[in-house]
Amino acid sequence: MMAAATSSLHLSALLPFPPGLVRRRQRRPPRFSALRFSHPPSQPLRIMADGDPIRKWILEEGGASRITRISSVGGGCINTANRYETDVGSFFVKTNRNIGPEMFEAEAAGLDAMFSTDTIRVPKPWKVGSIPRTRGSYIIMEYIEIGSSRGSQAELGRQLGEMHKTGNTDQGFGFHMDNTIGSTPQHNPWTADWVTFFRDHRLGFQLKLIKEQYGDNDLYAKGQRLLEKLPLLLQGLDNVQPCLLHGDLWSGNVVADSHGSPVILDPACYYGHSEAEFGMSWCAGFGPTFYDAYFKVMPKQPGFEQRTELYKLYHYLNHYNLFGSGYRSSCTNIIDSYLAVAC
């Protein structure tokens with residue numbers, strides 16, 4: 001899932017709307033749309049000239065008259081990704097053979113939410129739908145040319161801070177739809193207070209999955225004790241304001257475009273405590289210049305360091321669920337350390 005440094009590794013064009021619409025500014029760009037289907041029978045995914053909804057959208061709503069090349073690009077371990085080159089520019093397309101459009105609809109909703117803050121660059125989603133005669137689905141979005149460097153950590157920190165500052169809601173903590181973190185379901189019901197949301201829909205849900213998948217009753221029992229202590233461990237956050245989070249911010253989801261500007265990808269968005277954004281910092285490579293720039297926009301809150309490992313725990317638990325017990329010791333160590341100080 002790591003981005004290649006030089007080439008045009010997936011996603012968006014350097015345009016605010018589909019390339020085919022550049023020449024027709026009098027026409028409004030198409031809004032993101034989704035087709036909802038049930039579960040067609042499974043078969044291998046095939047791109048066909050006739051009846052292919054991806055090709056159809058690009059050649060109609062996308063404004064292209066011909067597709068000149070389709071090439072594979074990095075798509076991670078869950079989806080397949082391709083660059084569609086056309087006479088009016090490129091489109092980025094992700095497909096999945098076995099999952100319906102709900103996953104990509106949620107991704108598109110997160111991308112749209114971040115895009116609307118006008119703070120940090122994200123690929124604009126254009127279309128989500130089902131692949132006929134398969135159980136699969138697709139998402140079409142703008143294609144971003146990836147630059148030759150990782151970009152400025154300070155600029156990434158500043159722009160992320162601006163997104164957190166700008167992206168807010170009065171509905172509480174959660175999101176208007178559920179989504180996924182990796183391939184794990186992530187439930188986002190609107191919840192009035194942060195401690196309850198984080199306890200029930202983040203740590204509690206992951207602990208339940210671990211017990212169901214691996215029968216790890218010992219870790220589950222320790223986790224339940226930790227959940228009882230959360231009001232104490234997260235004290236002082238009664239008035240925390242929900243802000244829009246990317247939700248899965250690790251190094252593989254951060255790149256820079258050809259101008260060196262930060263780009264963030266593949267979100268698991270929800271509205272939460274801003275500090276929860278750094279739960280994946282153990283594999284994000286954020287340095288001092290990143291945090292200095294971020295805290296100039298979003299001032300550092302008292303107790304930040306004491307809460308950091310709690311927010312990491314959610315992602316360690318998820319990695320346990322996704323990849324197995326190699327992450328168990330990290331989960332146990334964090335839980336034990338908090339239980340020791342919360343007696």
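These numbers were taken from a predicted model, which means no experiment stands behind them.
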Quiz item: In a check of side-chain contact (heavy atoms from CB on, under 4.5 Å) between V122 and each of L265, I264, V263, which one passes?
Solution: I264
Between [X] and [Y], is any pair of side-chain heavy atoms under 4.5 Å apart?
{"X": "I146", "Y": "D257", "value": "no"}
{"X": "L203", "Y": "L230", "value": "yes"}
{"X": "I139", "Y": "V93", "value": "no"}
{"X": "M114", "Y": "C269", "value": "yes"}
{"X": "P53", "Y": "P132", "value": "yes"}
{"X": "M103", "Y": "N179", "value": "no"}
{"X": "I181", "Y": "Q186", "value": "yes"}

Practice problem: Could you walk me through whether N79 and T95 pass side-chain contact (heavy atoms from CB on, under 4.5 Å), step by step? | Solution: CA-CA 6 Å; N79 305 304; T95 55; over 6 Å; no
Exercise. Please report the C-alpha distance between L233 and L310 in whole Å, then the side-chain angles of each, then the deciding distance to 0.1 Å, and finally whether the side-chain contact (heavy atoms from CB on, under 4.5 Å) criterion is met.
Key: CA-CA 9 Å; L233 296 170; L310 267 179; 3.9 Å; yes
Approximate separation, where rounding is to 0.5 Å, of [X] [atom1] and [Y] [atom2]:
{"X": "F104", "Y": "S137", "atom1": "CZ", "atom2": "OG", "value": "5.0 Å"}
{"X": "D200", "Y": "K208", "atom1": "CG", "atom2": "NZ", "value": "11.0 Å"}
{"X": "I334", "Y": "T332", "atom1": "CD1", "atom2": "OG1", "value": "9.5 Å"}
{"X": "L317", "Y": "L313", "atom1": "CG", "atom2": "CG", "value": "4.0 Å"}
{"X": "I78", "Y": "L322", "atom1": "CD1", "atom2": "CG", "value": "7.5 Å"}
{"X": "H319", "Y": "S330", "atom1": "NE2", "atom2": "OG", "value": "10.0 Å"}

Practice problem: Taking all non-hydrogen atoms of both residues into account, name the closest pair between A293 and A154 and its distance. | Solution: CB-O, 3.1 Å
Quiz item: Can you name the closest pair of heavy atoms from M141 and P125 and give their distance?
Solution: CB-CA, 3.8 Å
State whether the side chain of [X] and the backbone N or O of [Y] hold a donor-acceptor pair below 3.5 Å, judged by distance alone.
{"X": "T166", "Y": "M163", "value": "no"}
{"X": "H246", "Y": "D248", "value": "yes"}
{"X": "N188", "Y": "M177", "value": "yes"}
{"X": "D87", "Y": "R66", "value": "yes"}

Classify the ring geometry between [X] and [Y] as parallel (under 30°), tilted (30 to 60°) or perpendicular (over 60°).
{"X": "F295", "Y": "F304", "value": "perpendicular"}
{"X": "F286", "Y": "F290", "value": "parallel"}
{"X": "W194", "Y": "Y270", "value": "parallel"}

For [X], give me all partners under salt bridge (charged side-chain N to carboxylate O under 4.0 Å, His left out), at least two apart in sequence or on another chain.
{"X": "E85", "result": "R69"}
{"X": "D193", "result": "none"}
{"X": "D178", "result": "none"}
{"X": "K300", "result": "E305"}

Tell me yes or no: between the side chains of [X] and [Y], is some donor less than 3.5 Å from an acceptor?
{"X": "H164", "Y": "E277", "result": "yes"}
{"X": "R83", "Y": "S71", "result": "no"}
{"X": "H176", "Y": "Q171", "result": "no"}

Practice problem: List for me each residue that meets side chain to side chain donor-acceptor pair (under 3.5 Å) alongside Q206, sequence neighbours excluded, and say none if there are none. | Solution: N318, N321
Carboxylate-amine/guanidinium contact [X] [Y], below 4.0 Å:
{"X": "K211", "Y": "D218", "result": "no"}
{"X": "R225", "Y": "E228", "result": "no"}
{"X": "K312", "Y": "E309", "result": "yes"}
{"X": "E275", "Y": "R307", "result": "yes"}
{"X": "E107", "Y": "K94", "result": "yes"}

Sub-6.0 Å ring centroid separation between [X] and [Y]:
{"X": "Y84", "Y": "F92", "result": "no"}
{"X": "H201", "Y": "F205", "result": "no"}
{"X": "Y316", "Y": "W282", "result": "yes"}
{"X": "F198", "Y": "F173", "result": "no"}

Practice problem: Among residues two or more places apart or on two chains, list those pairs meeting side chain to side chain donor-acceptor pair (under 3.5 Å) that have a residue in residues 283-292. | Solution: none
Self-check item: Worked check of side-chain hydrogen bond (donor to acceptor under 3.5 Å, both in side chains) between Q301 and H273
Solution: CA-CA 11 Å; Q301 301 170 50; H273 183 203; 3.2 Å; yes
Quiz item: Do the numbers put R202 on top of the ring of Y314, so that NZ or CZ is under 6.0 Å from the six-membered ring centre and no more than 45° off the axis?
Solution: yes
